[in-house]
Enquirer: 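One structure is given below, represented as structure tokens, and several questions about it will come after.
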Amino acid sequence: QVQLVESGGGLVQTGGSLRLSCVVSGRSIRNYVMGWFRQDPGKERAFVAARWGGSSTYYAESVKGRFTIAGDNVKNTVYLQMDSLKPEDTALYYCAAGSRSGSHYPRDYPYWGQGTQVTVSS
């Protein structure tokens, strides 16, 4: 069965960087729309970035220019490079897989990872 496992989260200072990884098992990432979402306690899950069709990408306005989504077909892994981190980026980050190109809605992603915590100190 398809499984997604995130890693790479941690505690960083404002302005720092983190690279999140999402290892996908059971199906090639080439066949999915891959997305990253984040969620803070008491808040709804929010879209961060998506990649599909080999090279197409879409980013939430709040992370545009700071975050980059990429994929490694050999390792079957999707990455989220996060630079210039801000305290407001603090959240549990989820990797997700779906089939609706460029969707920013969680309901369009049937497969989810367990999440990895990112905390940015002020």
Side-chain angles (χ1 to χ4, degrees):
Q1 192 69 19
V2 177
Q3 286 189 306
L4 287 69
V5 180
E6 305 99 328
S7 64
L11 174 64
V12 298
Q13 295 183 327
T14 297
S17 298
L18 281 175
R19 189 192 193 194
L20 306 184
S21 298
C22 174
V23 179
V24 181
S25 300
R27 190 71 182 273
S28 172
I29 61 172
R30 294 174 297 178
N31 299 318
Y32 287 120
V33 173
M34 300 301 303
W36 284 96
F37 292 78
R38 63 189 183 186
Q39 186 171 25
D40 253 344
K43 298 181 180 180
E44 293 187 346
R45 194 163 298 185
F47 171 79
V48 176
R51 183 174 185 271
W52 73 99
S55 62
S56 297
T57 59
Y58 178 58
Y59 298 91
E61 193 66 30
S62 60
V63 307
K64 192 175 298 182
R66 298 189 298 120
F67 291 11
T68 303
I69 185 172
D72 185 326
N73 293 328
V74 176
K75 296 182 178 180
N76 211 42
T77 300
V78 178
Y79 304 95
L80 183 67
Q81 177 66 44
M82 306 183 294
D83 299 315
S84 301
L85 285 163
K86 307 173 181 179
E88 47 263 48
D89 293 319
T90 295
L92 186 64
Y93 282 71
Y94 295 92
C95 178
S99 59
R100 197 170 185 88
S101 299
S103 177
H104 57 279
Y105 299 109
R107 63 175 178 269
D108 289 328
Y109 294 81
Y111 304 106
W112 294 83
Q114 82 291 345
T116 184
Q117 181 66 40
V118 171
T119 302
V120 185
S121 62
S122 60

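Each residue takes its place number in the sequence, starting with 1.
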Enquirer: Considering only heavy atoms from C-beta outward, does the side chain of Thr90 approach that of Gln117 to under 4.5 Å?
Expert: yes

Enquirer: Is Arg45 positioned over the aromatic face of Tyr94, cation under 6.0 angstrom from the ring centre and no more than 45 degrees off axis?
Expert: yes

Enquirer: Inspect the surroundings of CD in Gln114 and state if more than 12 heavy atoms from other residues, nucleotides or ligands are less than 6.0 Å away.
Expert: yes

Enquirer: To the nearest 0.5 Å, how far apart are OG in Ser101 and CG in Asp108?
Expert: 10.5 Å

Enquirer: Is there a path from Leu85 to Tyr79 through hydrophobic residues (I, L, V, M, F, W, Y) whose side chains come within less than 4.5 Å of each other?
Expert: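 Different hydrophobic clusters.
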
Enquirer: Could you tell me whether the side chain of Gln81 and the main chain of Arg19 form a donor-acceptor pair under 3.5 Å?
Expert: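 Checked: no pair found.
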
Enquirer: Please check if Val118 and Phe67 belong to a single hydrophobic cluster, counting links between Ile, Leu, Val, Met, Phe, Trp and Tyr side chain heavy atoms closer than 4.5 Å.
Expert: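 Cluster IDs for Val118 and Phe67 match.
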
Enquirer: Determine whether Ile69 and Leu4 fall in the same hydrophobic cluster, where Ile, Leu, Val, Met, Phe, Trp and Tyr are linked whenever their side-chain heavy atoms lie under 4.5 Å apart.
Expert: yes

Enquirer: I want to check something: taking the side chain as every heavy atom from C-beta on, are Tyr111 and Gln1 in contact at a cut-off of under 4.5 Å?
Expert: yes

Enquirer: So, Phe37 versus Tyr109, ring centres under 6.0 angstrom or not?
Expert: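 Centroid distance Phe37-Tyr109: below 6.0 Å, so yes.
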
Enquirer: Quick check for you: to the nearest 0.5 Å, what is the distance between Gln13 atom CD and Ser122 atom OG?
Expert: 10.0 Å

Enquirer: Considering non-hydrogen atoms only, spot the tightest contact between Ala97 and Pro110 and give its length.
Expert: O-CD, 3.1 Å

Enquirer: Do Gln39 and Pro106 have side chains that get closer than 4.5 Å, going by heavy atoms?
Expert: no

Enquirer: Counting distance only, does the side-chain N/O of Asn73 pair as donor-acceptor with the main-chain N or O of Ile29 below 3.5 Å?
Expert: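 It does not hold such a pair.
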
Enquirer: Excluding sequence neighbours, so at least two apart, what forms ring pair (Phe, Tyr, Trp, His ring centres under 6.0 Å) with Tyr59?
Expert: none

Enquirer: Grab the two heavy atoms, one from Thr77 and one from Lys75, that are nearest each other, plus how far apart they are.
Expert: OG1-O, 3.0 Å

Enquirer: Please name the pair of heavy atoms, one in Ser103 and one in Phe47, separated by the smallest distance, quoted to 0.1 Å.
Expert: O-CE1, 3.7 Å

Enquirer: Compare all side-chain heavy atoms of Val48 with those of Met82 and state whether any distance is below 4.5 angstrom.
Expert: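 Answer no - side chains too far apart.
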
Enquirer: Can you hop from Leu20 to Trp112 via hydrophobic side chains spaced under 4.5 Å?
Expert: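 Shared cluster, no.
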
Enquirer: Any heavy-atom pair between the side chains of Leu80 and Met34 that's under 4.5 Å?
Expert: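 Side-chain contact under 4.5 Å: no.
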
Enquirer: Quick one: are Arg66 and Asp89 in side-chain contact, heavy atoms under 4.5 Å?
Expert: yes

Enquirer: Between Asn76 and Arg27, which heavy-atom pair has the shortest distance, and what is it?
Expert: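 Between these two residues, the closest heavy atoms are ND2-O, 3.0 Å.
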
Enquirer: Could I get the full list of side-chain hydrogen bond (donor to acceptor under 3.5 Å, both in side chains) partners for Glu61, not counting sequence neighbours?
Expert: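 Here the qualifying residues are Lys64.
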
Enquirer: Taking it one step at a time, do Val2 and Tyr32 satisfy side chain to side chain contact (heavy atoms under 4.5 Å, CB included)?
Expert: CA-CA 11 Å; Val2 177; Tyr32 287 120; 3.0 Å; yes

Enquirer: Got a donor-acceptor contact below 3.5 angstrom from the Thr14 side chain to the Ser121 backbone?
Expert: yes

Enquirer: Mind running side chain to side chain contact (heavy atoms under 4.5 Å, CB included) on His104 and Tyr58 for me, showing each step along the way?
Expert: CA-CA 9 Å; His104 57 279; Tyr58 178 58; 4.3 Å; yes

Enquirer: Within the structure provided, determine whether Val12 and Ser17 are in side-chain contact (heavy-atom separation under 4.5 Å).
Expert: no

Enquirer: Per the disulfide (SG to SG under 2.5 Å) rule, what does the pair list look like for residues 64-122, sequence neighbours excluded?
Expert: Cys22-Cys95

Enquirer: Could you pull out the closest heavy-atom pair between Asp72 and Val74, with the gap in Å?
Expert: OD1-N, 3.0 Å

